[in-house]
Number of protein chains: 2
Amino acid sequence: MSIAAFAEQAVTSADKTFLQLRVDIVEGAIPAGSKLSETELSTKYQVSRAVIREAINRLESCHLVERKANVGARIVSLTPEGLIQLYQVREALEGMAARLAAKNMSDEEIADLTALLDNHFQTVKGGESYYQEAGDLDFHYRIILGSKNQHLIEVLVNGIYHLIRMYRVQLGMAGPRVTTAFDEHKHVVQAIANRDEELAEMLMRRHILYSKNNIERKLLQS
Amino acid sequence: MSIAAFAEQAVTSADKTFLQLRVDIVEGAIPAGSKLSETELSTKYQVSRAVIREAINRLESCHLVERKANVGARIVSLTPEGLIQLYQVREALEGMAARLAAKNMSDEEIADLTALLDNHFQTVKGGESYYQEAGDLDFHYRIILGSKNQHLIEVLVNGIYHLIRMYRVQLGMAGPRVTTAFDEHKHVVQAIANRDEELAEMLMRRHILYSKNNIERKLLQS
DNA sequence: AACGCCTATATTGTCGACATAATTTCTAAT
DNA sequence: ATTAGAAATTATGTCGACAATATAGGCGTT
């Protein structure tokens, strides 16, 4: 199961425009903090202003843009505090996700997750570290989905993860930590396999906390 | 500071329609699970369909309605599992909020919070229990705001709390537990005053967990 | 020269109409 | 009578135009 599995396909024109805009924003094609002019975008994407407005509305609900009445929409500006706060929310939510996953994942799902990790371990042992980010995402997504909690899934997959990716791309942070993250992932999965909710949550929180500390260090460097 | 302090005043017509619709949905004037016809609503609220569409879009980002392309929008249907899942998210987020509040609230804010609790205690000791829900909300809102975490505040205040209120109203649950909740609130505030992040989070999580258990019991009764 | 006010411009908000997709209803054939 | 298909209807999606608000620039005054 890849990330694409979560992308409900776009049927309407507003859907496509929204998805396109989201990519352009997250990947930095439209720089953070810049203003989103409706007329400008409508000519650029060859759709009416109504479509653009709808797309912007959805971007706002992802917390990727901020709107002010009668003024317009701006892409959110990236601040170190913002990223830290994002990781605090992520720690809380993914910790709970791991707890719920330990309770709610099926044995088969857990087996798949274990297999994924083994697979991931093999590729990285071979030095192919370019695969790291996708692997990391797969790990986290599976546990989030494994929680079977609709609200949790929604907030994380449609909201926080795009924002985090935006930070990663635009602050020039290459993927997650490679070296130690494997063991942390492995221990989380073991806890889930043991149906140890308490430990699964604690380990996931630690894992994300370490990421946060790692990022804070990088932010202070620059 | 009351709940009204969070309601950014509506400037545009879509704002007002959104707020009105949200009240009508949460309070049950429009029953859960029912379809939201754009044309119907536009005549009912005396605004154009564009305004209704924008309002519905915002309701969707609150998770109060669900839209399907080329079909329309429905108010979310209330299920016991949905409420339980909501409380799981709430436990994770408000636990983190209490932790952050213990770190980030100013001494003055903590003093105010303590005063509020004393006040609340006096009124309830006098048997005026009708004030309970507002008091409970005030307590939780202050801690959420005290976290100083924008994402946390957004998700809880603009998202989850309206949904929970919708459940409360429509499943006919009178406010929160009265008897034991005070002590739990008091202990949370004490932990925050002591700047004990760990304990503050744990106590808040317990507090919400108890609420969840209480609700589960009520749900099983009916 | 600096400040305030007023006009001009551009952008967002709102509207009604048309295009398109989904649903319902009617018809016809088995 | 039931079902499949097509026409009619209703709803959502999209568009261009107008209205209202905010911003920018120019003008006059102190």
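Below, read A as the first sequence line, B as the second, and so on, with proteins coming before strands; counting in each chain starts at 1.
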Problem - side chain to side chain contact (heavy atoms under 4.5 Å, CB included) between B/Met96 and A/Met96, worked out - result: CA-CA 11 Å; B/Met96 179 58 78; A/Met96 179 58 79; over 6 Å; no
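- Applying a 4.0 Å cut-off to non-hydrogen atoms, none of the residues of residues 58-66 of chain B approaches DNA chain D.
- Under the 4.5 Å side-chain criterion, counting only non-hydrogen atoms from C-beta, B/Phe18 is not in contact with B/Glu54.
- Separating the CZ atom of A/Phe18 from the C1' atom of D/dT14 is a distance of 19 Å, rounded to the nearest angstrom.
- Side-chain contact between B/Leu100 and B/Met105 is absent, with no heavy-atom pair separated by less than 4.5 Å.
- Side-chain atoms of B/Pro31 and B/Ile75, non-hydrogen and from C-beta on, never get closer than 4.5 Å to each other.
- With a 4.5 Å cut-off on side-chain heavy atoms, B/Arg99 and B/Asn104 do not count as touching.
- Checking B/Arg165, B/Met166, B/Arg22 one by one against B/Glu27, the side-chain contact (heavy atoms from CB on, under 4.5 Å) holds for a single residue, B/Arg165.
- Residues A/Tyr87 and A/Asn213 have side chains that never bring a donor and an acceptor to within less than 3.5 angstrom of each other.
- Under the 6.0 Å cut-off for aromatic ring centres, B/His185 and B/His140 qualify, their centroids lying closer than that.
- The nearest whole Å value for the distance from the CD1 atom in B/Ile52 to the P atom in D/dG13 is 14 Å.
- The rotation axes computed at either terminus of the helix from C/dA1-D/dT30 to C/dT30-D/dA1 lie 10° apart, taking five pairs at each end and rounding to 10 degrees.
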Exercise for the section: Could you run through nucleotides 13-22 of chain C and give me one letter per nucleotide, 5' to 3': B if any protein heavy atom sits under 4.0 Å from the base, S if only the sugar-phosphate is that close, - if neither? Expected result: BBB-B---SS
Exercise for the section: Take B/Asp136 and B/Tyr141 through the test side-chain hydrogen bond (donor to acceptor under 3.5 Å, both in side chains) and record every step on the way to the result. Expected result: CA-CA 9 Å; B/Asp136 186 71; B/Tyr141 273 129; over 6 Å; no
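- Within the 4.5 Å cutoff, the side chain of A/Leu116 has no heavy atoms near those of the A/Asp112 side chain.
- In this structure, A/Leu36 atom CG and C/dT12 atom P are separated by 9 Å, rounded to whole Å.
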